[in-house]
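Here it is, the structure, as structure tokens.
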Number of protein chains: 2
Amino acid sequence: MAKRAPSNRIGISDVAAKAGVSLATVSRVMNGNQSVDPKIAARVQSAAAELKYQPNPIGRNLARGKTETIGVVVPDLGNPTFQTVLRGVSRAAAQDGYRVLIADSSEVSSEEAILAGEARRRCDGVVLCAPRMSAAELEELAPSLQPMVLVNRTTNVPNSPSVMIDYGKGIQDLAGHLADLGHTRIAYVAGPASSASNALRLVGLEKFSRTHPHIEVVHLRNGSTFEDGYESANDVLSSGATGILAFNDLTAMGLLSSLNERGIRVPEDISVTGFDDIPFARYTTPPLTTAAAPIMEAGEQAWAQMRELLFGNAITEAVRVFEPHIVVRGSTGVPHGKDSTAES
Amino acid sequence: MAKRAPSNRIGISDVAAKAGVSLATVSRVMNGNQSVDPKIAARVQSAAAELKYQPNPIGRNLARGKTETIGVVVPDLGNPTFQTVLRGVSRAAAQDGYRVLIADSSEVSSEEAILAGEARRRCDGVVLCAPRMSAAELEELAPSLQPMVLVNRTTNVPNSPSVMIDYGKGIQDLAGHLADLGHTRIAYVAGPASSASNALRLVGLEKFSRTHPHIEVVHLRNGSTFEDGYESANDVLSSGATGILAFNDLTAMGLLSSLNERGIRVPEDISVTGFDDIPFARYTTPPLTTAAAPIMEAGEQAWAQMRELLFGNAITEAVRVFEPHIVVRGSTGVPHGKDSTAES
DNA sequence: GTGAAAGCGCTAACAG
DNA sequence: CTGTTAGCGCTTTCAC
């Protein structure tokens with residue numbers, strides 16, 4: 001490809017010519033390499049400044065074999081959880097001079113692997129949020145994606161660290177809070193069956209049941225929206241439970257709304273908890289007891305894991321778990337006709 | 001740099017060797033160039049498949065002088081507006097095989113120009129969301145960023161298209177709706193003074209006042225949070241207005257909450273409107289009349305503008321304006337002691 | 001239709 | 001300390 005239209009963009013050779021030095025010297029100066037005579041360095045600097053020279057990252061990427069960019073693969077950029085993970089990763093990576101390339105599969109999971117692969121080729125590593133991908137597919141994909149860090153799932157492929165939110169612990173704590181208040185019959189108003197975080201909550205509840213054998217936990221099918229919560233009221237009421245663990249804040253608010261319309265008092269008649277601690281949770285009537293997941297922190301730690309992978313330091317923990325912390329507000333209280341007794 | 005550690009990654013030359021053809025031919029096949037003998041093409045294809053060869057985008061980028069990536073610069077990835085713009089851009093760009101690189105200035109506006117410049121060097125273009133940047137700085141920066149498209153602001157630098165949300169039109173419509181219902185004294189509970197979209201609403205209200213001279217519009221200082229709305233109740237009440245335009249849904253909800261506590265009925269005593277149509281708006285008591293801005297669509301159109309810039313087609317409209325549409329729900333009604341009369 | 005070879009813009013090993 | 005030079009992996013012109 002001998003002749004190309006000569007680009008106007010000014011390049012390293014222009015600076016070299018202007019400063020009367022070699023390309024290598026300009027490169028050294030631009031990269032802060034100390035081994036350059038200060039006088040020459042200064043001359044190069046001012047030549048670069050006069051020409052408003054900015055090194056072209058593309059050329060640099062090719063020569064260095066890295067892009068200082070990582071890809072973040074998400075199934076849906078509209079989902080607050082992934083938005084927050086993305087933000088955490090982006091901010092943390094920026095601290096180290098790395099940028100983030102987005103790969104949004106828009107819920108088309110068949111494209112996920114391809115998208116992730118493309119992202120990986122353009123970047124130095126990939127943070128993968130792929131809750132729906134089968135374990136088998138993930139295992140096959142993982143090696144080609146490394147360095148890779150997983151969000152909210154694990155794999156036994158070597159060198160594939162994860163960051164996890166312990167949704168199970170969160171729901172356990174919430175259930176424990178209800179038990180402490182004296183509730184003996186608790187209902188879990190479940191999220192969508194396909195939801196990974198719902199499955200995690202279920203596991204947490206099983207643990208809870210084992211440690212609290214005298215407490216009945218009934219499971220109610222439901223969904224993840226406000227409407228779902230609203231419509232769960234009949235089931236909730238007929239369950240006879242006095243403590244309700246809603247799948248998330250949205251469904252809790254829907255339930256609260258329906259309960260309110262029926263004249264059922266919260267928390268006097270029924271206690272309700274949410275999950276997520278969305279900004280509104282503190283403004284419901286009554287304010288919602290819930291569990292907040294440190295998602296942004298998980299995103300930041302995803303970068304921290306990536307950095308260790310990239311910079312070759314030993315990985316201390318392959319899986320980093322972040323526990324939600326419960327926020328007790330007004331929607332939970334001692335059950336009807338009970339005193340404030342406790343058991344932990 | 002004569003000797004480098006030979007990368008294990010398989011490259012175009014491996015495929016060429018395996019297929020017994022030249023690099024150029026492999027390149028042609030990989031790029032779908034028709035001028036290759038079908039037999040040879042097939043041989044190359046299978047060689048590539050066997051080796052699991054994937055062209056390295058970095059090398060390609062350098063040779064082609066483009067990255068098929070655009071940068072999106074936002075002041076805060078935590079802000080729902082920018083998240084939605086980002087999502088719109090990302091989805092639309094993906095349709096054309098382009099990816100998005102994030103540049104989050106984290107509200108540090110002094111870094112914005114630098115960040116945008118870096119993003120631009122790595123990408124083929126930049127979508128700039130920089131509401132706080134001074135017009136002067138923008139004018140200086142714009143030429144170096146092109147191809148560039150602006151979000152929610154304009155500049156007179158040539159070839160700098162914009163997508164805009166017409167917040168002024170939205171508030172005008174809301175005010176018009178109140179006027180139609182018969183309200184003659186309307187209060188605008190303003191957002192933060194530094195907010196660009198607040199300024200736009202103010203301009204819209206001025207227009208409204210000109211076209212509705214017999215309606216009094218009083219301005220109340222306030223903020224953008226639920227609490228701000230809650231605390232605006234006193235001002236709202238003492239303003240004597242029967243129709244209230246809250247800065248956004250959050251403040252409207254705060255106001256609603258305070259009004260409710262004081263036993264003031266909405267909409268019988270006072271009508272309240274919000275702005276944004278957040279998911280909760282339909283679940284407040286009463287459901288909130290508000291205006292929804294098509295932000296995602298604006299993001300998609302930002303890509304459409306970018307594509308025209310990139311692919312050289314003439315730009316038909318330099319500025320594309322998107323109008324919010326109002327959603328009438330239960331929080332607005334005929335004012336006290338009035339019949340349902342109308343004026344438009 | 002195919003290949004040789006010259007870059008894209010920069011880095012880094014090597015020699016001085 | 002500085003320059004020469006050989007790439008990084010791919011595309012594309014030019015000549016066959």
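What you are looking at is a predicted structure, and each value in this text was computed from that prediction instead of being measured. To find a chain, count down the sequence lines: A is the first, B the second, and so on, and within it residues start at 1.
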Whole-Å distance separating the CG atom of B/Leu62 from the P atom of C/dG9: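 My rounded result for the distance is 7 Å.
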Between the first and last five pairs of the helix from C/dG1-D/dC16 to C/dG16-D/dC1, the angle of the axes, rounded to 10 degrees: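 Inter-axis angle at the ends, rounded: 40°.
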Selection from C/dT2, C/dT11, D/dG3 that lies nearest to any side-chain heavy atom of A/Leu23: C/dT11
Short side-chain N/O contact from A/Arg60 to OP1 or OP2 of C/dT11, under 4.0 Å: yes
Presence of A/Thr25 side-chain N/O under 4.0 Å of D/dG3 phosphate oxygens OP1/OP2: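 For D/dG3, OP1/OP2 do have a side-chain N/O of A/Thr25 under 4.0 Å.
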Ring pair (Phe, Tyr, Trp, His ring centres under 6.0 Å) pairs, two or more places apart, involving residues 99-148 of chain A: none
Tabulate below the donor-acceptor pairs under 3.5 Å that side-chain atoms of residues 15-24 of chain A make, not counting sequence neighbours, or state none.
from: A/Lys18; atom 1: NZ; to: A/Glu50; atom 2: OE1; distance (Å): 3.1
from: A/Ser22; atom 1: OG; to: A/Ala24; atom 2: N; distance (Å): 3.4
from: A/Ser22; atom 1: OG; to: A/Thr25; atom 2: N; distance (Å): 3.3
from: A/Ser22; atom 1: OG; to: A/Thr25; atom 2: OG1; distance (Å): 3.3

Candidate nucleotides C/dT11, D/dT13, D/dC10, ranked by approach to the side chain of A/Ile12 - the nearest: C/dT11
A/Asn31 side-chain N/O to C/dT11 phosphate OP1/OP2 under 4.0 Å: yes
Qualifying ring pair (Phe, Tyr, Trp, His ring centres under 6.0 Å) pairs, either residue in residues 69-124 of chain B, two or more places apart: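 Pairs touching residues 69-124 of chain B that pass the test: B/Tyr98-B/Trp303.
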Comparing A/Val26 and B/Gly59 on DNA chain C - which has the more 5′ nearest nucleotide: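 Its nearest nucleotide lies further toward 5', so the answer is B/Gly59.
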Sorted by number, the residues of residues 45-53 of chain A with heavy-atom contact under 4.0 Å to DNA chain C: A/Tyr53
Ring pair (Phe, Tyr, Trp, His ring centres under 6.0 Å) contacts touching residues 118-154 of chain A (sequence neighbours left out): none
